[in-house]
Amino acid sequence: ITDLCNVEIPFNQKLMPKYINEEGVDSYTYLKKMCIEGLKKRFGTTVRQIYKDRLKYELDIINKMGFCDYFLIVSDYVKYAKDNNIIVGTGRGSAVGSLVSYCLMITDVDPIKYNLLFERFLNPERVSMPDIDIDFEHEKREEVINYCINKYGSKKVVPIITFGTLGAKQAIRDVSKAMDIELGLVDSLCKLIDSRKTLKDNYNDNSKIKELLDRKEELKKCYKIAIKFEGLKRHTSIHAAGVVMSSIDLDEVIPLDKSHDFYVSGYDMTYLEEIGLLKMDFLAIKYLTTIHNIIDSINKDYNLNIKFDEIPLNDSKAIEIFTKADTIGIFQFESDGMINFLRKLKVNSMDDIFAAIALFRPGPMQNIPTYINRKNGKERIDYIDPSLEPILKSTYGIMIYQEQIMQIARDMADYTLGEADMLRKAMSKKKKDILLKEKETFTSRAKNKGYDEKIVDKVYELMLKFAEYGFNKSHSIGYSIVAYKMAYLKAYYPKNFITYLLSMEINDSVKTKQYIYEAKRNNINILCPDINLSDKKYIIEDNGIRYPLTNIKNVGISATDLIIKERENGIYVDIYDFIRRCYGKSVTSKTLESLIFAGVFDTFGYNKKTLITNLDLIINYGELIKDLDRQFALEPEIIKCEESSSKELMEQELNIFGFYLTNNPITDLKVKYSNIVNLNEIESYFDKVINTIVYVDKVKEISTAKGDKMCFISGSDELMTADIVMFPKIYQKYNSINHGDIILVKGKVEKRFDKYQIIVNDIKRL
């Protein structure tokens, strides 16, 4: 068969998709017209010359490189999204440095205002495919892709295939199935395998595996075969973001897969560009869906018309969210590490927000102390040479961004920005042969401009050092602006903001608890679930946020759907009415118990203990009146019971919700003990010894440099969380503290990175 085949795969074909414009003119003419119109939309009739010159420069390069159609196509589907109320990200990656992208409304960042470089995106001296990645709302990404498929054709626009490969354990399991080996035996082998290593390395490093294989001949044979299968492709799936577009039907140049309802490329993304095909990334971003929901709820509740693209920049109240490190729920800024960093940073400008994203990564983190000290005037700013001050001033003399390295090469050594981009890339990839040659070029050019050789050497070495970690400033600004806009919404509309954060993380008990604390900290009530008021998601009410039915243990989505759908026929008048209409379908006796403990039936006037005690009686009567007119069925006599103790109710809450929603045991315990300080007050007790009571959320044991064990506890009361530190001597005495414990802590309030913490002197488990 192979002798009969003659396949030649042509590479670097011109397969760029064509944009058909309604005016029938060539793509460059139409792109230029669109950009000029966009420039006027952005800046009005008076446009500064710097913008006109930059636009002409970019358009010339785009035209020479043959990418006019590409920009028009991206602009077209971004416009479709915005016209159809789909939020599009502000911009990501190096495309944010393009004025053409800004004029076409593809991005919403002015590249000249922020000193961004077009050459970081498209280098006229190194032709490569452009790469404009677009962020869309998580739930509406497919809608935009379908628009492109419908417009350009199902064989001209296809998602990209990916291949799942056989890992060590999966290879064993698949081969063992074919060999019909007993499952228990296979499980015992798989438990010994480290998934991070190959099967060969597992065999060489683990004597227990050798022993088992020597005892079980069938497993040994399976293992030998699995080694040959490991790493091979096992199944196909679809790339999370990638879509390929072409001017011709794709099955003329690549195989297409149709195991779905639509075509998918038969090659993965590694090979598509070599053939000449263009990959575009349509990214689904969960936070954009959250932003959409928040804005919709604000507009509805306050009769406003806020638009994501029109949220004003440099609002002091929004920036204050970062200054106070109040960034729980803010895209890219809500991790514990980032919040600690912000506390030290004391943000007071957009530049600080941009730098935070660039610095808070492995590698650049080493520059954080220097950046903070220089910003706060505790360390002298060194620009090495005065001519570099305009480039490095916004980052206090530290090279944080890739664009700064390019600008230094341009200003100091007369590199074109195209050459500077290639130097930046060689530096980041540590290509030694290029770097040795470039150092000579950089040095001779800089000396010709009058720079001292020692200064030149120092600058080049610093560029080399920072290039490895340098961040794309365009990307940092694009994502920072999305975060800033979320901060604006949180600052002005906290109830709407927190409601949709809670709904976004509805199945995550850790996040739910964190956001409920955030609500309480903002003086927002979390209202108990109610059978006639609660929905699938959190709902905003005048006096707080209503807890949903779906977040109650043992109440699944099918039960919730049934309850809500049936409620459309009229509210539930009492618990019998509820059972008559819902029991026996998705609502079981176990579901009923959970609903009772959650308090959803409190509105009917019976306490939880009474309902639980009489539950069988209530169910029987509810079942009876399904088939009888209620007036002919004698209502049972309910035995009223005294409500459970406060402690029991709290235990029920913890079991049903995973945290204390209304009754917090700490509140009761504070009454029993004197001089208890609330966690939101510890700032006032700096450098003093206090007593406080906390619920243990998290326990983390670490080893000191001397090898001693110490412990960090994250503890919370009704409103706040705080870090509690046990140094080695104290930890030796109290090393049995676990998650879920309630403890009385006596300790000294200290400050670390502008965050207050308690250093333990004594602990008592309550």
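- A side-chain donor-acceptor contact under 3.5 Å links E137 to the backbone of I87.
- Rounded to the nearest 0.5 angstrom, N551 CG and L661 CG are separated by 10.0 Å.
- Each of N115, N472, V109 was scored for a side chain to side chain contact (heavy atoms under 4.5 Å, CB included) with I477, with one residue passing: V109.
- Qualifying salt bridge (charged side-chain N to carboxylate O under 4.0 Å, His left out) partners for E379, counting only residues two or more places apart in sequence or in other chains: R374.
- For the residue pair S428/Q402, the side-chain donor-acceptor check at 3.5 Å is not satisfied.
- Between G242 and R141, the shortest heavy-atom contact is N-NH2, 4.4 Å.
- Taking the six-membered ring for Trp and the full ring otherwise, F354 and Y114 have centroids separated by under 6.0 Å.
- Under 4.0 Å is where a charged nitrogen must lie from a carboxylate oxygen, and between R92 and D281 no such pair does.
- Listed for the N373 side chain is no donor-acceptor partner under 3.5 Å among the backbone atoms of K378.
- Across all non-hydrogen atoms, the minimal contact from N123 to G418 is ND2-O, 2.8 Å.
- Around atom NZ of K317, more than 12 heavy atoms belonging to other residues, nucleotides or ligands sit under 6.0 Å away.
- Between T370 and Y396 the shortest side-chain heavy-atom distance does not fall below 4.5 Å.
- Salt-bridge check for K495 with E541: failed, with every basic side-chain N at 4.0 Å or more from each acidic carboxylate O.
- K425 NZ: 12 or fewer foreign heavy atoms inside a 6.0 Å radius.
- Other residues, nucleotides and ligands place no more than 12 heavy atoms under 6.0 Å from the NZ atom of K698.
- The two residues V749 and Y756 come nearest to each other via the heavy atoms CG1-CD2, 3.9 Å.
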TODO: Quick one: do I481 and M350 satisfy side chain to side chain contact (heavy atoms under 4.5 Å, CB included)? Show the steps, please.
DONE: CA-CA 9 Å; I481 288 175; M350 292 295 288; 4.3 Å; yes

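- The pair E58-R54 counts as a salt bridge, with a side-chain nitrogen and a carboxylate oxygen less than 4.0 angstrom apart.
- In this structure, the side chain of N525 engages the main chain of N543 through a donor-acceptor pair within 3.5 Å.
- Side-chain atoms of Y401 never come within 3.5 Å of backbone atoms of I405 as a donor-acceptor pair (strictly under, hydrogens ignored).
- Between the side chains of Y147 and N84, no donor N or O sits under 3.5 Å from an acceptor N or O.
- Applying the ring pair (Phe, Tyr, Trp, His ring centres under 6.0 Å) test to residues at least two apart or on different chains, the pairs with a partner in residues 312-349 are Y287-F331, F322-F333, F331-Y479.
- Residues passing the salt bridge (charged side-chain N to carboxylate O under 4.0 Å, His left out) test with D352 are K375, sequence neighbours excluded.
- Listed by first then second residue, pairs satisfying salt bridge (charged side-chain N to carboxylate O under 4.0 Å, His left out) with a partner in residues 383-409 number zero, not counting sequence neighbours.
- Counting only distance, with no hydrogens or angles, the side chain of T550 and the backbone of K536 share a donor-acceptor pair below 3.5 Å.
- Under the 3.5 Å distance criterion, with hydrogens and angles disregarded, a donor-acceptor pair is assigned to the side chains of D110 and Y51.
- When the shell of 6.0 Å around OH of Y685 is examined, it contains 12 or fewer heavy atoms from other residues, nucleotides or ligands.
- Contact between N85 and H292 at its shortest, heavy atoms only, is O-CE1, 2.8 Å.
- Side chains of N299 and N305: a donor-acceptor N/O pair is absent below 3.5 angstrom, by distance only.
- In this structure a side-chain-to-backbone donor-acceptor pair under 3.5 Å is missing from S474 to A95.
- In this structure, CG in L489 is found 8.5 Å from CZ in F308, a value given to the nearest 0.5 Å.
- When atom types are taken as modelled, the side chain of K490 and the backbone of I328 share a donor-acceptor pair closer than 3.5 angstrom.
- In this structure, the ring of F282 has its center less than 6.0 angstrom from the ring center of Y77.
- In this structure, a donor-acceptor pair under 3.5 Å is present between the side chains of S716 and Y517.
- With 3.5 Å as the limit, one finds no donor-acceptor pair spanning the side chains of Y484 and D315.
- Under the 3.5 Å distance criterion, with hydrogens and angles disregarded, a donor-acceptor pair is assigned to the side chains of Q49 and D53.
- Between the side chain of R546 and the backbone N or O of P529, no donor-acceptor pair lies under 3.5 Å.
- Judged by distance alone, the side chain of H138 and the main-chain N or O of K286 form no donor-acceptor pair under 3.5 Å.
- Taken to the nearest 0.5 Å, the CG atom of N348 stands 6.5 Å off from the OG1 atom of T323.
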- [ ] Evaluate salt bridge (Lys or Arg N to Asp or Glu O under 4.0 Å) for K751 paired with D687, printing each intermediate quantity in order.
- [x] CA-CA 8 Å; K751 203 173 179 183; D687 210 27; over 6 Å; no

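- Between K41 and E37, none of the side-chain N atoms (NZ, or NE/NH1/NH2) sits under 4.0 Å from a carboxylate O, so this pair counts as no salt bridge.
- The aromatic ring centroids of F67 and F71 lie 6.0 Å or more from each other.
- In this structure D697 satisfies the salt bridge (charged side-chain N to carboxylate O under 4.0 Å, His left out) test together with K513, sequence neighbours excluded.
- In summary, the side chains of D108 and T90 do not present any donor paired with an acceptor at a separation below 3.5 Å, with no hydrogens or angles considered.
- Open room surrounds CZ on R48; 12 or fewer heavy atoms of other groups in view lie less than 6.0 Å from it.
- R361 places a side-chain N or O within 3.5 Å of a backbone atom of Y469 that can act as its donor or acceptor partner.
- Atom CG of N303 sits in a sparse spot, with 12 or fewer heavy atoms from other residues, nucleotides or ligands closer than 6.0 Å.
- Of all the heavy atoms in C35 and C103, the pair that sits closest is O-CB, 3.6 Å.
- In this view, Y695 and Y660 satisfy the ring pair (Phe, Tyr, Trp, His ring centres under 6.0 Å) rule, not counting sequence neighbours.
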